[in-house]
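For this chain, numbers begin at 1 and follow the sequence in order.
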Amino acid sequence: MPLSWNEIKDRAFQFSREWADECSEDAEAKSFWDGFFNIFGITRRRMASFEVYVKQIDGRSGYIDLLWKGKLLVEHKSRGKSLDRAHAQATDYFHGLKERELPRYVLVCDFARFRLYDLDANAQYEFQLSELVNHVHLFGFMAGYQTVAIKEQDPINLKAAERMGLLHDKLKSSGYDGHALEVYLVRLVFCLFAEHTGIFEVNQFQDLIEQRTAEDGQDLAQWLANCFEVLSTPHEKRLTHLDSQLAAFRYINGQLFAEQLPTAAFDRKMRDLLLESCALDWGRISPAIFGALFQSVMDAKNRRHLGAHYTSETNILKLIKPLFLDELRAEFERVKRQSKSNLFAFQEKLASLKFLDPACGCGNFLVIVYRELRLLELEVLRVLFGASKDLSIGVELNIRCNVNQFYGIEIEEFPAQIAQTALWLTDHQMNQLASQEFGINYLRIPLTHSATIRHGNALQVDWCDVVTPAELNYILGNPPFVGKKEQSDSQKTDMAQVFQNVQGMGNLDFVAAWYRKAVDYMVAHLAIKTAFVSTNSITQGEQVGVLWSDLLKRGVKIHFAHRTFQWSSEAKGKAAVHCVIVGFALHDAVKKQLFVYETPQSEPSEIKPNNINPYLVDANTVFIERRSQPLSKNAPEIAYGSMPIDKGHLILNEEEKEEMIAADSTTERFIRRYSGGDEFINNISRYCLWLVDCDLVEACRSKLIKKRIELNKQYRLSSNREQTKLLAKTPALFGEIRQPATQYLLVPKVSSENRDYIPIGFCHSNIIASGSALIIPDASIYHFGVLTSAMHMAWVRTVCGRLESRYQYSNTIVYNNFPWPELITDKQRNKIEQAAQAVLDARDQSPNASLATLYDPLTMPAELVKAHRQLDRAVDAAYSKQKFSGDTDRVAFLFERYQQLTAPLDPQQPKRRKRG
């Protein structure tokens, strides 16, 4: 076992006294360094070599004073010599080393002074020999102790994942595949981690490979098989004449090495790749790396199909802090000022908490939760045992939290195995931290406890079979991100099974099934709290009415939420996803928390809401359902633009239009400007053949027009849809014609979320509106003003669907449900009309600029900004005499107004509060 920190410090103190007066490099340097290694309980002869020959960059021969390959390079000088020159000499040797031999640490010394360079951390430390005992923690790596903070962005994470991904590919290409390959990789990862963190002796696994296997790799698989068998066999049951190097390995247990696997096959390159992996500092690995590892060995098609995304530690903390961690820390702050018995009781509470991730993947959430629990428990122990850090009553009795508090369900076997192993590794890292904190050596080896990770389909598995509701405290995680259109047949079947008899469930994203399944489970134990990271679509558009009306009927109360934010996968080929976090239970919360983001990429700010509705706003709980007619009587009707249904045969770009007119100038009268949302916003020129109420015989005199009509007829006849085949009878016309005969207002269906306003505007009847736009034929300047105001945009941002993060404006959800101003006076209307006209005038001042440019937040002209601000004030005043403080205030008002408009007429119903 590694020495305890207390013993290491004692040895460091004795070493400093013994060598206090030595000054001759040649005479005693080797003995000095043998003694230095002995401080940490390791033999220099096994780890490092003196006078290692290298060829320097200038071609000269050089000799490294001491080299521990891949770990430490020492350059030693006589007392008083320059340490700067010693460092320069040390780095000159790097050219002659292989990549895996390059050290992380360079140590220069003159007996009296030490200077340590940590090349990965870009850090430098210098101290006197007499001060060694105070700096000995810097050399924890020599004893197998983790001495640096584990960071998710540490490049070592990605390097380790890529190395193992390459080894996976090579093993798979050799024919070693499936379950055996997955278990094999997990075992290798454990061994690599073990020899860098004190479970194995330092370099024990690497030495076995380097010293006992042939360079061509042919016998490597057999040696690994022997090693795995030894790790699964208690010392007393091992063969008497077992090879001594194998016999030196610890007994691990935990079923990790129990299964007998087929023997793999390695070659020289694969052996080198494994040795390169050994050279990485696995002690710095965050167990959350296994998410990235998993993704690195899955192909892109499977990754997309499964909806697998690795959630960063930062974003996991966004969920677990309001779910339980903040509350636990607040409780700790209270009890630490009370009696020790209260502290012990709090520690027992920590050890009693149970967590379930029903889509656990590689265990990222469970790993971070366990780490945070252990860190909090460590703070409890600090208070209990004070500055003396005396754990003499037995550290085993004092560290209570363990991996058996965690449960998971995962549909794929490989990540399920990784999740269980990742929790063991986290446990060991936290044990190391406790060891360093209290100066003891604490290991939970052999493994006696494990997490319960069920390999299965969470939507088919009975969660009660994994952990009973009465035992469980929290459900959490990041269920698969699969949209309604991307779901496979089996996923649709699962959705139908979960949402039996729920009308409209076919419009729900896959993640919604985990919400419903969790609620069904929570009914048996009302104290359970749940939080999921989800695609933001379940809190927008028509999905809200389908999912949340069902959940709220079952008693769901939202306790906290993060509105839309963006996170990225740490896996290779990072996937940017727009998410929300929703925390809920079947009981109400005294204090609710709502985290809002100025942009999806910004940091959150917290507000204290009275209520969080399913749109994740502080407003009344209402559901905006599809409506075929406008809710407000004074709103004109809205419709889709015309749909060609032509496979592009009736549509022309600028070049095609010019070619047609050049061939026959009479065709110009059959061509119209054609505009959808994209064309309108970006000033893109597109055209169409518009042959409504035209002489088709005359039009077809143009061979180009005739050919396009014939191609359209063939396309429609070849369709599998009967309705499209019927349209082949009129191939010269659009399939759906809704073009108004007068000026109309065009509303793009999709627009960037970065704009403060959706750019809408009036179009002449000669401009044909496409199906990617909505049109309001009878709109006035007043309607334009209200629809392009901050009030309407606050409504849009809250209730519209999203295409990724872009606004997806709809007639049935957004427009038809929008509460327009009621009982507006002529004076108020005139102010809105004047302000609206000022917006149009400000646009006209930049006639060559597209609306995309005019409404870009970085380039929006000052006059246009000023006009919109004036319009916002005019529209706000039409709704209320009181000023709105911002969008949050506006949305709360609009939801209350919507509730009033949609409430059944009931004379007994109390009057609602009116604003203004």
Side-chain angles (χ1 to χ4, degrees), residues 144-154 156-157 160-161 186-187 189-200 252-256 281-294 310-314 316-317 319-320 324-325 328 350-351 353-357 360-379 381 395 399-408 410 415-437 442-453 474 476-478 570:
Y145 284 110
Q146 178 60 39
T147 59
V148 297
I150 297 166
K151 302 175 182 177
E152 63 172 308
Q153 299 301 330
D154 193 325
I156 196 69
N157 289 330
V186 172
R187 289 180 179 180
V189 166
F190 182 91
C191 290
L192 292 167
F193 179 86
E195 78 163 350
H196 286 84
T197 56
I199 298 176
F200 296 164
I252 299 301
N253 197 7
Q255 300 303 308
L256 181 58
D281 187 356
W282 286 77
R284 287 162 50 199
I285 295 292
S286 165
I289 182 60
F290 294 106
L293 168 62
F294 176 39
Y310 167 57
T311 313
S312 71
E313 294 182 21
T314 300
I316 291 173
L317 289 170
L319 183 149
I320 68 175
F324 68 90
L325 190 58
L328 287 177
L350 295 182
L353 298 175
K354 300 279 180 77
F355 302 82
L356 168 66
D357 184 345
C360 70
C362 301
N364 303 124
F365 273 85
L366 299 179
V367 161
I368 303 305
V369 170
Y370 185 45
R371 183 193 71 191
E372 294 301 312
L373 273 189
R374 287 291 303 270
L375 288 172
L376 184 53
E377 183 183 33
L378 190 59
E379 292 187 43
L381 293 175
V395 71
I399 297 179
R400 308 294 292 161
C401 294
N402 213 322
V403 294
N404 58 353
Q405 296 173 239
F406 297 89
Y407 301 82
E410 170 52 38
Q417 292 171 346
I418 291 174
Q420 190 169 59
T421 305
L423 280 162
W424 278 325
L425 303 193
T426 304
D427 182 65
H428 183 66
Q429 287 179 335
M430 300 316 298
N431 293 339
Q432 283 191 305
L433 189 60
S435 298
Q436 186 171 343
E437 177 77 18
Y442 176 53
L443 288 175
R444 279 173 169 163
I445 300 293
L447 303 171
T448 56
H449 292 85
S450 63
T452 300
I453 308 295
Y474 302 100
L476 72 170
N478 172 23
E570 186 163 323

Worksheet entry | Shortest non-hydrogen separation from Cys360 to Ala419 and the atoms involved | SG-CB, 4.3 Å

Discussion item. Can you confirm whether Leu375 sits close enough to Met430 that some side-chain heavy atom of one is under 4.5 Å from a side-chain heavy atom of the other?
Written reply: yes

Item to complete: Kindly indicate whether the side chain of Thr421, heavy atoms from C-beta on, has any atom under 4.5 Å from the side chain of Val189.
Response: no

Item to complete: Before giving the answer on side-chain contact (heavy atoms from CB on, under 4.5 Å), spell out for Val186 and Ile418 the whole-Å C-alpha distance, their side-chain angles and the decisive distance to 0.1 Å.
Response: CA-CA 6 Å; Val186 172; Ile418 291 174; 3.8 Å; yes

Worksheet item: Just wondering, do Trp424 and Ile445 contact through their side chains at under 4.5 Å, heavy atoms?
Response: no

Item to complete: With rounding to the nearest 0.5 Å, note down the distance linking CG in Leu381 to CG in Leu376.
Response: 10.0 Å

Worksheet item: Within the side chain of Gln420, is there an N or O that forms a donor-acceptor pair under 3.5 Å with the backbone of Ser450?
Response: no

Worksheet, complete the sentence: Correct closest heavy-atom pair for Phe193 and Trp282 would be CD1-O, 3.6 Å

Discussion item. Nearest 0.5 Å, please: how far is CD1 in Ile252 from CZ in Arg187?
Written reply: 12.0 Å

Practice prompt. Check whether any side-chain heavy atom of Phe190 sits under 4.5 Å from a side-chain heavy atom of Ile199, and report yes or no.
Written response: yes

Fill in: Side-chain donor or acceptor of His428 paired with backbone N/O of Thr197 under 3.5 Å
yes

Discussion item. Looking at every heavy atom in both Leu423 and Ala451, which two are closest together, and how far apart are they?
Written reply: CD1-CB, 3.4 Å

Practice prompt. Check Val403 against His449 and note the closest heavy-atom contact, atom names and distance.
Written response: CG2-O, 3.5 Å

Fill in: Nearest-0.5 Å distance that lies between atom CD in Gln417 and atom CD in Glu410
11.0 Å

Fill in: For Ala422 against Pro287, the heavy-atom pair lying closest together
O-CB, 3.7 Å

Worksheet item: Passes side-chain contact (heavy atoms from CB on, under 4.5 Å), Leu366 versus Thr426? Steps please.
Response: CA-CA 10 Å; Leu366 299 179; Thr426 304; over 6 Å; no

Item to complete: Would you give the length of the straight line joining atom CG of Leu319 to atom CG of Leu325, rounded to the nearest 0.5 angstrom?
Response: 11.0 Å

Discussion item. With heavy-atom distances below 4.5 Å as the criterion, would you say the side chains of Leu328 and Leu353 are in contact?
Written reply: yes

Worksheet entry | Parallel, tilted or perpendicular: rings of Phe406 and Tyr370 (30°, 60°) | perpendicular

Worksheet item: Quick one: are Arg374 and Ile399 in side-chain contact, heavy atoms under 4.5 Å?
Response: yes

Worksheet entry | Main-chain N/O of Asp427 paired to Asn431 side chain as donor or acceptor, under 3.5 Å | yes

Worksheet item: So, the side chain of Glu372 versus the backbone of Val369: is there a donor-acceptor pair under 3.5 Å, distance only?
Response: no

Discussion item. Quick check for you: to the nearest 0.5 Å, what is the distance between Phe365 atom CZ and Ile320 atom CD1?
Written reply: 8.5 Å

Response to the item:
In short, Leu443 meets Gly198 closest at the heavy-atom pair CD1-O, 4.1 Å

